[in-house]
Asker: 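Sharing a structure below in structure tokens format, with a few things to ask.
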2 protein chains.
Amino acid sequence: MAPQNPNLDTIFAALADPTRRAILGMLLEDDMSVTDVAAPFEVSLAAISKHLAVLVAAGLIGQERRGRIIWCKLEPEGLRSASVWMQGFGQFEPVDLDDFERFLLTELEAAHPDPDEQP
Amino acid sequence: MAPQNPNLDTIFAALADPTRRAILGMLLEDDMSVTDVAAPFEVSLAAISKHLAVLVAAGLIGQERRGRIIWCKLEPEGLRSASVWMQGFGQFEPVDLDDFERFLLTELEAAHPDPDEQP
DNA sequence: AGCTTACTTAACTGATGGGTTGAATATTGG
DNA sequence: CCAATATTCAACCCATCAGTTAAGTAAGCT
């Protein structure tokens with residue numbers, strides 16, 4: 001629904017914030033409502049709403065209203081251009097997915113104090 | 001020489017600026033002096049010097065002084081953590097290097113007005 | 001030594017970003 | 001309709017950022 005100007009500027013700027021990366025990590029597991037996305041964080045709901053708007057503008061997530069709940073879902077294609085750009089540097093090595101898992105968890109732990117999670 | 005805290009915040013923030021991405025693209029071809037890096041851009045040398053400092057802090061480039069010239073070189077490993085993080089999204093598709101070439105050229109053209117090019 | 005080249009630092013400005021609180025809007029349930 | 005839930009919008013605060021100009025530092029040249 002958004003006009004979406006998914007250029008590299010907005011994509012990388014969106015990824016530069018740890019809260020937003022944590023949100024992406026959460027949405028990697030499940031689609032979530034705005035309220036549920038906001039739950040683990042200490043900042044206000046309005047702040048999270050703004051973060052989500054940034055992610056939508058960057059084309060990294062999509063939002064769909066069903067009833068009074070707005071569902072947020074990952075838009076993996078939004079990362080393609082940035083990913084392609086980055087792969088140009090760094091010897092084009094294959095990606096280690098275990099590394100990714102480790103990074104993702106580290107990010108999530110760092111971003112919110114993890115109230116009800118059990119490892 | 002910099003203490004370098006190459007976390008994802010600083011890396012993505014560094015990549016969010018088109019001038020800095022263009023600089024990375026230039027350094028992909030050759031190591032360059034600060035003055036030469038600054039040449040194609042319309043902003044002041046001081047501004048480019050700051051951009052380079054940001055890239056160094058992000059671990060994306062390195063600088064080495066030889067004589068009175070400071071040489072800037074790409075540090076491809078600096079992108080690894082960010083690249084790994086990103087690949088976690090987007091179905092883990094293989095990267096199309098032709099796409100990369102296209103993006104890189106587009107970026108370079110957009111970043112500086114290409115003083116000696118004839119439209 | 002003194003001038004020139006190469007670059008950084010300092011001090012300032014205007015714009016943007018992330019945060020807040022409080023009011024506004026939308027939708028559902030009683 | 002009215003109240004509660006879900007989310008955004010508006011107005012503001014403060015910090016950071018990209019840019020400027022001007023001065024400062026460092027190294028080579030003659």
Side-chain angles (χ1 to χ4, degrees), chain A residues 1-3 5 7-24 26-27 31-58 60-73 110-113, chain B residues 1-3 5 7-24 26-27 31-58 60-73 110-113:
Chain A
M1 302 318 186
N5 176 30
N7 56 7
L8 294 175
D9 284 40
T10 48
I11 293 174
F12 283 127
L15 295 176
D17 186 282
T19 301
R20 286 194 290 260
R21 287 197 307 277
I23 291 174
L24 291 177
M26 294 164 66
L27 293 179
D31 296 2
M32 299 176 77
S33 71
V34 174
T35 306
D36 285 352
V37 166
F41 299 99
E42 284 177 331
V43 298
S44 69
L45 183 64
I48 298 297
S49 178
K50 280 189 191 178
H51 280 306
L52 290 171
V54 171
L55 290 171
V56 168
L60 295 173
I61 70 170
Q63 290 184 316
E64 182 192 356
R65 169 158 236 147
R66 277 204 296 275
R68 52 181 166 182
I69 292 181
I70 295 182
W71 293 93
C72 308
K73 63 176 190 302
H112 53 86
Chain B
M1 299 318 192
N5 177 30
N7 55 9
L8 293 176
D9 284 40
T10 48
I11 293 174
F12 283 127
L15 294 176
D17 186 284
T19 301
R20 285 193 291 261
R21 287 197 308 277
I23 291 174
L24 291 177
M26 294 164 65
L27 293 178
D31 296 1
M32 298 176 78
S33 70
V34 173
T35 306
D36 284 351
V37 166
F41 299 99
E42 285 179 331
V43 298
S44 69
L45 182 63
I48 297 297
S49 177
K50 282 188 189 176
H51 279 306
L52 290 171
V54 170
L55 290 171
V56 168
L60 296 173
I61 69 169
Q63 290 184 315
E64 182 191 355
R65 168 158 237 148
R66 279 203 294 275
R68 53 182 165 178
I69 291 180
I70 295 183
W71 293 93
C72 309
K73 62 175 189 304
H112 52 86

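The structure displayed is predicted, hence computed values, not measured ones. First the proteins, then the strands, lettered A, B, ... as listed; each starts at 1.
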Asker: Please report the closest heavy-atom contact between A:Arg20 and A:Ala14, naming both atoms and the distance.
Answerer: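 Here A:Arg20 and A:Ala14 meet closest at NE-O, 2.8 Å.
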Asker: Looking across every strand, which nucleic acid part, if any, lies under 4.0 Å from A:Arg20 by heavy atom: base, sugar-phosphate, or nothing?
Answerer: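 Sugar-phosphate contact only.
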Asker: Separation of A:Arg66 atom CZ from C:dT28 atom C1', in whole Å?
Answerer: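 Interatomic distance, CZ of A:Arg66 to C1' of C:dT28: 16 Å.
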Asker: May I have the distance from A:Glu42 (atom CD) to C:dG18 (atom C1'), rounded to whole angstrom?
Answerer: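 After rounding, the reported distance stands at 15 Å.
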Asker: Residues in side-chain contact (heavy atoms from CB on, under 4.5 Å) with B:Ala16, at least two apart?
Answerer: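 Once residues adjacent in sequence are excluded, the partners of B:Ala16 under the side-chain contact (heavy atoms from CB on, under 4.5 Å) criterion are A:Phe12, A:Ala13.
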Asker: Whole angstroms only, please: what is the CZ-C1' distance between A:Phe41 and C:dG19?
Answerer: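 Interatomic distance, CZ of A:Phe41 to C1' of C:dG19: 15 Å.
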Asker: Just to confirm, is there a sub-4.0 Å distance from OP1 or OP2 of D:dT20 to any side-chain nitrogen or oxygen of B:Ser44?
Answerer: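 B:Ser44 to D:dT20 OP1/OP2: side-chain N or O found under 4.0 Å.
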Asker: Can you list the residues that meet the side-chain contact (heavy atoms from CB on, under 4.5 Å) rule with A:Ala46, with sequence neighbours excluded?
Answerer: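 Applying side-chain contact (heavy atoms from CB on, under 4.5 Å) to A:Ala46 gives A:Ser44.
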Asker: Taking only residues two or more places apart in sequence or in another chain, which ones pass side-chain contact (heavy atoms from CB on, under 4.5 Å) with B:Ser33?
Answerer: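 With neighbours one apart ignored, the set is B:Thr35, B:Asp36, B:Ile69.
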Asker: So, for A:Arg21 and B:Asp9, which heavy atoms are closest and what is the spacing to 0.1 Å?
Answerer: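 Heavy-atom minimum between the residues: NH2-OD1, 2.6 Å.
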Asker: Mind listing the closest non-hydrogen atom pair of B:Ile48 and B:Phe41 along with its distance?
Answerer: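 That would be CD1-CD1, 3.8 Å.
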Asker: At what angle, to 10 degrees, do the two end axes of the helix from C:dA1-D:dT30 to C:dG30-D:dC1 meet, given five pairs define each axis?
Answerer: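 Roughly 10°, once rounded to the nearest ten degrees.
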Asker: Grab the CZ-P distance between A:Phe12 and D:dA18 for me, whole Å please.
Answerer: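 For the pair A:Phe12 CZ and D:dA18 P, the rounded distance is 15 Å.
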Asker: Would you give a per-nucleotide map of nucleotides 6-16 of chain C, 5' to 3', where B means the base has a protein non-hydrogen atom under 4.0 Å away, S means only the sugar-phosphate does, and - means neither?
Answerer: SBSB-B-----
Asker: The criterion is side-chain contact (heavy atoms from CB on, under 4.5 Å); which residues satisfy it with A:Leu27, sequence neighbours excluded?
Answerer: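 Counting only residues at least two positions away or on another chain, A:Leu27 forms a side-chain contact (heavy atoms from CB on, under 4.5 Å) with A:Ile23, A:Met32, A:Val37, A:Ile61, A:Cys72, A:Leu74.
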Asker: Between A:His51 and C:dG19, does any side-chain N or O lie under 4.0 Å from OP1 or OP2?
Answerer: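 Result: yes.
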Asker: Hey, could you give me the OG1/CG distance between B:Thr10 and B:Leu55, rounded to the nearest 0.5 Å?
Answerer: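 Those atoms lie 10.5 Å apart.
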